[in-house]
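Below: the structure, in structure tokens.
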Amino acid sequence: MTTTAPTRAEPRTLDATWWRQAVVYQVYPRSFADSDGDGIGDLRGITARVPHLVSLGVDAVWLSPFYPSALADGGYDVDDHRDVDPALGTLEQFDELVAALHGAGIAVVVDIVPNHSSNRHRWFREALAAGPGSRERERYVFVRGRGEHGELPPSDWTAVFGGPAWEPVGDGDWYLHQFAPEQPDFDWNDPEVREDFLTTLRFWADRGVDGFRVDVAHSLVKDLSPPLPSAAELAADDLPDGAHRLSDRDEVHEVYRQWRAVFDEYDPPRTAVAEAWVPAHRRARYASPEGLGQAFNFDLLTSDFDASSFRRVVEENLRLARESGTSSTWVLSNHDVVRHVSRYGLPDGTDVPAQARWLLTGGTDPVPDLRRGLRRARAATALLLALPGSAYLYQGEELGLPEVADLPAEALQDPTWRRTRGGEKGRDGCRVPLPWTAQGPSFGFGEGGAHLPQPRWFADCAVDVQDGDPASTLSFYRAALAWRARLQGAEELEFVDDPQDAQAQLVRFRRPGGWTCVTNFGTDPVPMPPGEVVLRSDGPVTAPDGTPGGVLPGETTAWLVDVR
């Protein structure tokens, strides 16, 4: 077998199980590519960059929200769930993008935001105008305030982005917003809300959308029966499963059974993946064949670069996938977390709260070791791509982008910064527009500037700098995805338990067809297992080096195939 990276196969027709081991690339539309020079990425910008996605070798593209929005929360405050924001394009341009992706053999997944709308949504404006007790207010969570005139909030709950979770409307009623005040929560006990989202699912499926990423999938159905618990009672960690007032209630799965019936109206059936922040043993219900089909496994996002931690996560999630009859999902970065190059460059044990504190220092305390972070990130990515199940990649990680941690306060757009009064910096650092060229006013993002400032060092990470360099991170991703497409087989793996592996901090497993993945989480080199090396995370493979006597450097992953 040659060690030259294989070329991608011809585009294939989607079958009913295309998603089970797909590589899905997340596009944050406003920061991907700008076609008209206004500083905001748009649909035509994405369409123009489809060749990049083809050369990368992804199976699907997940589009974060592109709906009309005031951008109170990066597009997750949706004015109309069945339209395109004029700043990003039109429905016709959406159709052109879908056609271009489908023509390249790439499936399309769109974000669906069912927990809330924006406060500019037609329904919410009608609710405000109609007044207390009206039919219009039944579509949202309106509750009468405490006090003689309803002047006090119904409870002391806090929103995810900081500040109170209730907002007064001036007539004694308050509405619930689990996130920003501009994002009023729907009442999913209302049949009109449920029916309208079935219409929304069909609207996009009829336009060729192949699947949906379901935002805040665990929070749709709520129990607001009086008396409302206090914030302390709401946060209690000893509640029985399904008993939380706002999250992961058993009744939510009736919603997803209705959605599954809609998905199954199509050939192939549409699919979905749940963003469900729930205990691992509760995740399977979201991912069941009777429900959404998959659920995100975020465990690697919170894991240190550690052999035992990675192995534990893999074993548990493969077990859960088998029990639910689905495939697992694997992800290291997305639009909500510090990019993993930076995470892996910080001292081991830097958890999510510590990362938030690090951002407040502008990324200077401590100073991350980004060379080590990139080495670890490539090793972790090679391990992830060797696993059975779906792999989700976030735009820019193929360029090895670290977090832009030093964005100035005046540039920040994340509502967390404002709602916490500067107590948390937020997620803007992973949403900075991509560098396509080393030159230009926005490094090729568009003809003008960019809606978030790009650092000068972005030039070194640009696509045109990395393209053609066999040692670049972009070339590594292309090679890894091409080999994955060639080697991928049944959704199985078998860990190789050599007594010396644990001591040496190795994770080694075999996939069907004689494919072995080995990751050295330690810092010292170890003997390379037998087989022909076809991929290494630390650089290109120029010749077979899996012969006895070869070594695997520290913080490196290799893929090997049996010598025939």
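What's counted below: heavy atoms across the whole structure, side chains too, no hydrogens, waters or symmetry copies. For the single chain, residues carry numbers from 1 onward in sequence order.
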Test of ring centre spacing under 6.0 Å for Trp62 and Phe296 | yes
Do Glu138 and Arg135 sit within salt-bridge range, that is, some charged N less than 4.0 Å from a carboxylate O?
-> yes
Any donor and acceptor pair, going by atom type alone, linking the side chain of Arg146 with main-chain N or O of Pro153 inside 3.5 Å?
-> yes
Could you tell me which non-hydrogen atom of Pro279 sits nearest to which non-hydrogen atom of Asp248, and how far apart they are?
-> CD-OD2, 4.4 Å
Heavy atoms of Ala377 and Val341 approach each other most closely as CB-CG2, 3.7 Å
Does the separation of the ring centres of His116 and Tyr140 fall below 6.0 angstrom?
-> no
Is the closest side-chain heavy-atom distance between Tyr67 and His81 below 4.5 Å?
-> no
Tell me, with the steps shown, if His177 and Asn119 meet side chain to side chain donor-acceptor pair (under 3.5 Å).
-> CA-CA 10 Å; His177 59 89; Asn119 59 351; over 6 Å; no
Is any side-chain heavy atom of Arg125 closer than 4.5 Å to a side-chain heavy atom of Arg122?
-> yes
Which word best sums up how the rings of Tyr344 and Phe310 line up, parallel for under 30°, tilted for 30 to 60°, or perpendicular for over 60°?
-> tilted
For Glu290 and Ser288, indicate whether the former's side chain and the latter's backbone hold a donor-acceptor pair under 3.5 Å.
-> no
Tyr394 vs Asp336, side chain to side chain contact (heavy atoms under 4.5 Å, CB included): CA-CA, chis, key distance, verdict | CA-CA 10 Å; Tyr394 178 51; Asp336 283 334; over 6 Å; no
Start with the C-alpha distance between Val252 and Tyr286, add both sets of side-chain angles, then the distance that settles side chain to side chain contact (heavy atoms under 4.5 Å, CB included), and finish with yes or no.
-> CA-CA 9 Å; Val252 76; Tyr286 296 86; 3.9 Å; yes
Given side chains that start at C-beta, do those of Glu275 and Val214 come closer than 4.5 Å, heavy atoms only?
-> no
Apply side chain to side chain contact (heavy atoms under 4.5 Å, CB included) to the pair Trp358 and Thr361, showing each step before the final yes or no.
-> CA-CA 5 Å; Trp358 169 74; Thr361 73; 4.2 Å; yes
For the student: nearest non-hydrogen atoms of Asp173 and Gly133, plus distance = OD2-N, 4.5 Å
With a distance cut-off below 6.0 Å to the six-membered ring centre and an angular limit of 45° from the axis, does Arg137 pair with Phe142 as a cation-pi contact?
-> yes
In this structure, SG of Cys430 is separated from CG of Leu452 (nearest 0.5 Å) by 10.0 Å
Can any side-chain N or O of Trp157 pair as donor or acceptor with the backbone N or O of Gln178 at less than 3.5 Å?
-> no
Taking side chain as C-beta onward, heavy atoms only, is Phe186 less than 4.5 Å from Val113?
-> no
Can you see which heavy atom on Ser303 is nearest to which on Val313, and at what distance?
-> OG-CG2, 3.6 Å
Quick check: does any side chain N or O of Thr329 sit under 3.5 Å from a backbone N or O of Ala295, one acting as donor and the other as acceptor?
-> yes
Reference residue Tyr76; test side chain to side chain donor-acceptor pair (under 3.5 Å); the match among Asp215, Asn115, Asp111 | Asp111
Main-chain N/O of Arg30 paired to His451 side chain as donor or acceptor, under 3.5 Å | yes
How many angstroms lie between OG1 in Thr420 and CH2 in Trp417, if you round to the nearest 0.5 Å?
-> 7.5 Å
Measure the shortest side-chain to side-chain distance between Leu346 and Pro366 over non-hydrogen atoms and say whether it is less than 4.5 angstrom.
-> yes
Salt-bridged, Asp250 to Arg285, with N to O below 4.0 Å?
-> yes
Are the side chain of Thr416 and the backbone N or O of Gly426 linked by a donor-acceptor pair below 3.5 Å?
-> no
Do Glu555 and Arg376 meet the salt-bridge criterion of a basic N to acidic O distance under 4.0 Å?
-> yes
Sidechain-backbone polar pair: Asp77 side chain, Gln183 backbone, donor-acceptor under 3.5 Å | no
Considering all heavy atoms, the nearest Leu63-Val108 contact = CD1-CG1, 4.4 Å
Can you check whether Arg419 reaches Pro181 side chain to side chain, under 4.5 Å on heavy atoms?
-> yes
Intermediate values then yes/no, ring pair (Phe, Tyr, Trp, His ring centres under 6.0 Å), Trp204 and Phe66 | CA-CA 13 Å; Trp204 293 112; Phe66 49 84; 5.3 Å; yes
How about Arg343 and Leu301: do any of their side-chain heavy atoms sit closer than 4.5 Å?
-> yes
Calculate, to the nearest 0.5 Å, the distance between atoms NZ and CG belonging to Lys425 and Leu359 respectively.
-> 6.5 Å
Check the pair Ser230 / Asp156 against side chain to side chain donor-acceptor pair (under 3.5 Å), numbers first and verdict last.
-> CA-CA 6 Å; Ser230 68; Asp156 63 345; 5.2 Å; no
Counting distance only, does the side-chain N/O of Asp42 pair as donor-acceptor with the main-chain N or O of Gly89 below 3.5 Å?
-> no
For Arg82 and Thr200, does a side-chain donor sit closer than 3.5 Å to a side-chain acceptor?
-> yes
Geometric class of the Trp188/Phe197 ring pair [parallel <30°, tilted 30-60°, perpendicular >60°] = tilted
Quick one: do the Trp19 and Ser390 side chains pair a donor with an acceptor below 3.5 Å?
-> no
Check: Leu201 and Glu265 side chains under 4.5 Å, non-hydrogen atoms = no
Are Tyr175 and Trp123 close enough that their ring centers fall under 6.0 Å?
-> no
Look up atom CD1 in Ile40 and atom CG in Asp85, then write down how far apart they are to the nearest 0.5 Å.
-> 8.0 Å
Any idea which heavy atoms bring Thr271 and Leu292 closest together, and the distance?
-> OG1-O, 4.1 Å
Rounded to the nearest 0.5 Å, how far apart are CZ of Arg431 and CG of Leu407?
-> 12.0 Å
Cation-pi check, Arg311 onto Phe495 ring (under 6.0 Å, within 45° of axis) | yes
Drop me the distance from Leu239's CG to His244's NE2, to the nearest 0.5 angstrom.
-> 6.5 Å
Are the side chain of Asp59 and the backbone N or O of Trp18 linked by a donor-acceptor pair below 3.5 Å?
-> no
I would like to know whether Glu403 and Gln355 meet side chain to side chain contact (heavy atoms under 4.5 Å, CB included); could you show each step before the answer?
-> CA-CA 11 Å; Glu403 188 83 357; Gln355 292 167 28; over 6 Å; no
Any donor-acceptor pair under 3.5 Å linking the side chain of Gln395 with the backbone of Tyr28?
-> yes
